[in-house]
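Everything below concerns the one structure shown next.
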Amino acid sequence: MGISKNSVVSMSYEVRLNDEVIDSNKDNEPIKFIHGTGEIIAGLEKGIVGMEAGETKDIKVAAIDAYGEHDQKLTETLPIADFEGIDLEIGLVLEADGEKGEIIKATVTEVTKDEVTIDYNHPLAGCDLDFKVTIHSVL
């Protein structure tokens, strides 16, 4: 039968970006999710369709099917005075509360003496990802 929409899947994974492991649960408990509900990125969800328990597979996920392409409109340059008391450095992830109470994250991408540029894109936006997955169970 294999994985299809609404299957309950238990899976281990390793994800690489440019041959470097950036995330893995190989030494931890497998993740469990319901296929087709958007709990994992779309490209990975498509890539595991039909897999059976005990099967391992390498899956390439294009940026568009992972965290999307990098959108330049999601960057903003603000006066450095808005960040008083914050030790700013490139790569720093800032968090703020959104209008609906959600957490908004932004990464500092540039700091000058007058301005700070922040990027609201997901840190992996624009990145093609390589997954190695092992399916433990399909219900």
Glu102 atom CD, neighbour heavy-atom count above 12 within 6.0 Å: yes
Leu44 CG to Lys46 NZ distance, which is reported to the nearest 0.5 Å: 11.5 Å
Backbone N/O of Thr109 and side chain of Asp119: donor-acceptor pair under 3.5 Å: no
Pair Asp71, Tyr120: side-chain N/O donor-acceptor within cut-off below 3.5 Å: no
Spatial distance of atom CZ (Phe131) from atom CD1 (Ile59) [nearest 0.5 Å]: 8.0 Å
Within 6.0 Å of NZ in Lys26, more than 12 heavy atoms from elsewhere: yes
Distance (rounded to the nearest 0.5 Å) between Met51 CE and Ile135 CD1: 4.5 Å
Donor-acceptor under 3.5 Å (Glu39 side chain, Ile34 main chain): yes
Side chain to side chain contact (heavy atoms under 4.5 Å, CB included) between Phe83 and Val111, worked out: CA-CA 11 Å; Phe83 300 89; Val111 179; over 6 Å; no
Separation between CG of Asn18 and CG of Asp130, rounded to the nearest 0.5 Å: 8.5 Å
Residues Thr112 and Glu115: side-chain donor-acceptor under 3.5 angstrom: no
His136 side chain reached by Pro30 side chain, heavy atoms, under 4.5 Å: yes
Lys105/Glu95 salt bridge by N-O under 4.0 Å criterion: yes
Contact summary for Leu129 and Ala66, nearest pair of heavy atoms: CD1-CB, 3.9 Å
Derivation and outcome, side chain to side chain contact (heavy atoms under 4.5 Å, CB included), residues Ile40 and Ile31: CA-CA 10 Å; Ile40 63 173; Ile31 61 169; 4.2 Å; yes
N/O donor-acceptor pair under 3.5 Å between Glu76 side chain and Ile118 backbone: no
Hydrophobic cluster membership, Val133 vs Ile22, 4.5 Å side-chain cutoff: yes
Derivation and outcome, salt bridge (charged side-chain N to carboxylate O under 4.0 Å, His left out), residues Lys60 and Asp128: CA-CA 7 Å; Lys60 287 190 156 305; Asp128 296 334; over 6 Å; no
Stepwise side chain to side chain contact (heavy atoms under 4.5 Å, CB included) test for Ile80 and Leu88: CA-CA 9 Å; Ile80 199 159; Leu88 295 169; 4.0 Å; yes
Common cluster, Leu94/Leu124, ILVMFWY with side-chain heavy-atom separation under 4.5 Å: no
Test item: Leu92 and Ile86 side chains (from C-beta on) under 4.5 Å apart, heavy atoms: yes
Donor-acceptor side-chain pairing of Thr56 and Thr134 below 3.5 angstrom: yes
For the student: nearest non-hydrogen atoms of Ala53 and Ser137, plus distance: CB-CA, 4.0 Å
Least distance between heavy atoms, Thr75 atom then His70 atom: CG2-CE1, 4.3 Å
Side-chain (Glu45) to main-chain (Gly43) donor-acceptor, under 3.5 angstrom: no
Shared hydrophobic cluster, Tyr13 / Leu17 (ILVMFWY, side-chain heavy atoms < 4.5 Å): yes
Between OG on residue Ser24 and NZ on residue Lys132, distance to nearest 0.5 Å: 11.0 Å
Basic-acidic side-chain contact under 4.0 Å: Lys57, Glu55: no
Path from Ile104 to Leu74 over hydrophobic side-chain contacts below 4.5 Å: yes
Closest non-hydrogen atom pair, Glu52 against Val138: C-CG2, 4.4 Å
CA sep, side-chain torsions, deciding dist, call: Asp65, Ile41, side chain to side chain contact (heavy atoms under 4.5 Å, CB included): CA-CA 7 Å; Asp65 293 322; Ile41 60 174; over 6 Å; no
side-chain hydrogen bond (donor to acceptor under 3.5 Å, both in side chains) between Ser4 and His35, intermediate numbers included: CA-CA 7 Å; Ser4 61; His35 189 273; over 6 Å; no
Spacing of Cys127 atom SG and Glu69 atom CD [to the nearest 0.5 Å]: 9.5 Å
